[in-house]
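Working notes for the structure below.
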Amino acid sequence: MVKIKRTVKELDPYIPGRSNEDLARVYGLDPDNIIRMGSNENPLGPSPQAIETLKKSLHLINTYPESNIDDLKAKIASYARVNSEKIIVGGDGADEILDVLAKTLIEPGDEYIVHPPSYMYYEFTFGIHGATPVYARWNVEENRLDVNSVLNAISAKTKVIFLCTPNNPTGGLIEKKDIQTILESTDALVVVDEAYWEFSGENNVELLDEYENLFILRTFSKVMGLAGMRIGYGIGQEKLIEYMHRVKPVFSLIKLSHIAASATLDDLNYLKESTKLSIESREFLYEQMSKFPELRVFKSFANYILVEIRNTGMKSKQMTEKLMENGIIVRDCSSFRGLDDHWIRVSVATIEEDEKFIDVLKNILSDQQGISND
Ligand code: PMP
């Protein structure tokens, strides 16, 4: 057997949401009727303009993608209100930007700070590159960042600090003044993950003028409805972006993704509608789930809601399986560091799907009550 790299041998595999086909096979369901509330996707579907432009572009796939994507960078820059030199675009979503960051920055012995429970991919990618995680804390009870836990975790070895706002999976926001406090307390790169910022209306772009060590991470997978096209971007200081471009795979952003991203940014009606529908669904789900006394439902600024199901007497695995038997996927949060096996995350869907979910949930909870009372 060849000798495998230590960091890879020790790596915990990343557990992504499951596909419709996979679940349809296991639970004997029709893949087209599965309700997806597990991966924080866009229930509206992609922009119609993006679909039309893609159809007209399919014949282009025999040629390599553009290595010069200045047109897309310019559109993203104008959307984000920064200059183009501050933008890097990734072709495996924001996840690729994380990988490129690690490739650009990490040397043996470096540390990075995360605040569990949060997005697990930070640890997955940075682990491969041999960096050591140091754990700060997200205060789940109050759904806010424990800022002191971040400040206390900073050492001379800290290379990167991850701050996720709105935080996945809890949905809480980090206050701008807390981000500033952290930026001022370190020379490390502070990566503010704004994958879901559009659903909160709050972002931190203006801090880039003031702080050299700020980097903002974003994606086309959520409000832009293009999770399957794998497009993400980073916004940082010009010098860092230039170094990152040196290590980024040259052709990772395929031509169809380039075209879809560009068409979606032009489709202002879609963007408005997409934001509105997801927020409506989130508030509807919050209101409806809050009616079940055995659930603890967390206020969210994103397109998903964290729910503690401890008082139902069920574990997340049992609850997610019962929902799947009814064709509904939600996220079992037991793989998130910092949460045990009594939490689920419910992503927004169409209101019709939300209603179906609430009905199914009601039945599951009343069956469970029956069992508990027996
Ligand atoms: N950051 C956060 C907080 C996320 O939840 C996700 C996707 N689930 C990403 C980044 C990565 O997004 P993508 O790779 O799809 O662009």
Side-chain angles (χ1 to χ4, degrees), residues 14-19 36-43 46 72 76 79-80 87-102 112 114-126 128 138 143 145 160-174 179 190-200 202-204 215-236 248-249 252-254 257-258 260-261 264-265 274 278 282 300-306 329-333 335-339 345-348:
Y14 181 72
I15 305 172
R18 292 169 75 179
S19 72
R36 296 184 60 81
M37 301 173 85
S39 296
N40 304 342
E41 292 153 344
N42 194 321
L72 178 59
I76 294 175
Y79 175 77
I87 302 283
I88 181 164
V89 188
D92 180 23
D95 290 345
E96 178 175 299
I97 302 293
L98 290 170
D99 188 53
V100 173
L101 265 179
Y112 64 98
V114 284
H115 54 68
S118 191
Y119 187 43
M120 287 300 290
Y121 207 85
Y122 311 136
E123 287 188 53
F124 177 72
T125 350
F126 273 57
I128 298 174
W138 186 273
N143 207 359
L145 178 69
V160 173
I161 301 175
F162 287 104
L163 302 177
C164 189
T165 180
N167 187 35
N168 178 8
T170 67
L173 277 180
I174 304 178
I179 296 176
V190 177
V191 176
V192 175
D193 186 344
E194 293 186 350
Y196 301 94
W197 82 269
E198 286 95 339
F199 306 110
S200 74
E202 297 214 9
N203 73 58
N204 296 283
F215 185 89
I216 292 176
L217 184 70
R218 294 208 181 151
T219 177
F220 278 73
S221 298
K222 312 300 170 184
V223 88
M224 310 266 181
L226 292 172
M229 301 301 280
R230 312 300 304 125
I231 310 149
Y233 61 101
I235 318 173
K248 189 189 112 46
S252 64
L253 185 80
I254 64 164
S257 298
H258 177 172
T264 302
L265 285 172
S274 152
S278 284
R282 176 185 77 203
S300 168
F301 294 90
N303 66 349
Y304 50 82
I305 294 179
L306 180 70
I329 315 177
V330 303
R331 187 74 145 99
D332 172 351
C333 289
S335 62
F336 280 90
R337 187 184 304 287
L339 293 179
R345 191 194 62 198
V346 180
S347 312
V348 298

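In each ligand, atom 1 is the first atom listed, and ligand 1 is the first ligand listed.
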Val89 versus Leu72: any side-chain heavy-atom pair under 4.5 Å?
yes
Within the 4.5 Å heavy-atom criterion, are His115 and Asn167 side-chain neighbours or not?
yes
Identify all pairs of nitrogen or oxygen atoms, one from ligand 1 and one from the protein, separated by less than 3.5 Å, and list them with distances.
unit_1: ligand 1; atom_1: 1 (N); unit_2: Asp193; atom_2: OD1; d: 3.3
unit_1: ligand 1; atom_1: 1 (N); unit_2: Asp193; atom_2: OD2; d: 2.6
unit_1: ligand 1; atom_1: 5 (O); unit_2: Asn168; atom_2: ND2; d: 2.8
unit_1: ligand 1; atom_1: 5 (O); unit_2: Tyr196; atom_2: OH; d: 2.7
unit_1: ligand 1; atom_1: 8 (N); unit_2: Lys222; atom_2: NZ; d: 3.4
unit_1: ligand 1; atom_1: 14 (O); unit_2: Ala94; atom_2: N; d: 3.2
unit_1: ligand 1; atom_1: 14 (O); unit_2: Asp95; atom_2: N; d: 3.1
unit_1: ligand 1; atom_1: 14 (O); unit_2: Asp95; atom_2: OD1; d: 3.4
unit_1: ligand 1; atom_1: 14 (O); unit_2: Asp95; atom_2: OD2; d: 3.3
unit_1: ligand 1; atom_1: 14 (O); unit_2: Arg230; atom_2: NH2; d: 2.8
unit_1: ligand 1; atom_1: 15 (O); unit_2: Ser221; atom_2: OG; d: 2.7
unit_1: ligand 1; atom_1: 15 (O); unit_2: Arg230; atom_2: NH1; d: 2.7
unit_1: ligand 1; atom_1: 16 (O); unit_2: Ala94; atom_2: N; d: 2.6
unit_1: ligand 1; atom_1: 16 (O); unit_2: Thr219; atom_2: OG1; d: 2.6
unit_1: ligand 1; atom_1: 16 (O); unit_2: Ser221; atom_2: OG; d: 3.4

Ring-ring centroid check Tyr119 Phe162, cutoff 6.0 Å:
no
Give a yes or no on whether the backbone of Lys222 and the side-chain of Asn42 come within a donor-acceptor separation of less than 3.5 Å.
yes
Does any N or O in the side chain of Ser274 come within less than 3.5 Å of the main-chain N or O of Val223, such that one atom is a donor and the other an acceptor?
yes
Any salt bridge linking Arg230 with Glu96? Criterion: basic side-chain nitrogen under 4.0 Å from a carboxylate oxygen.
no
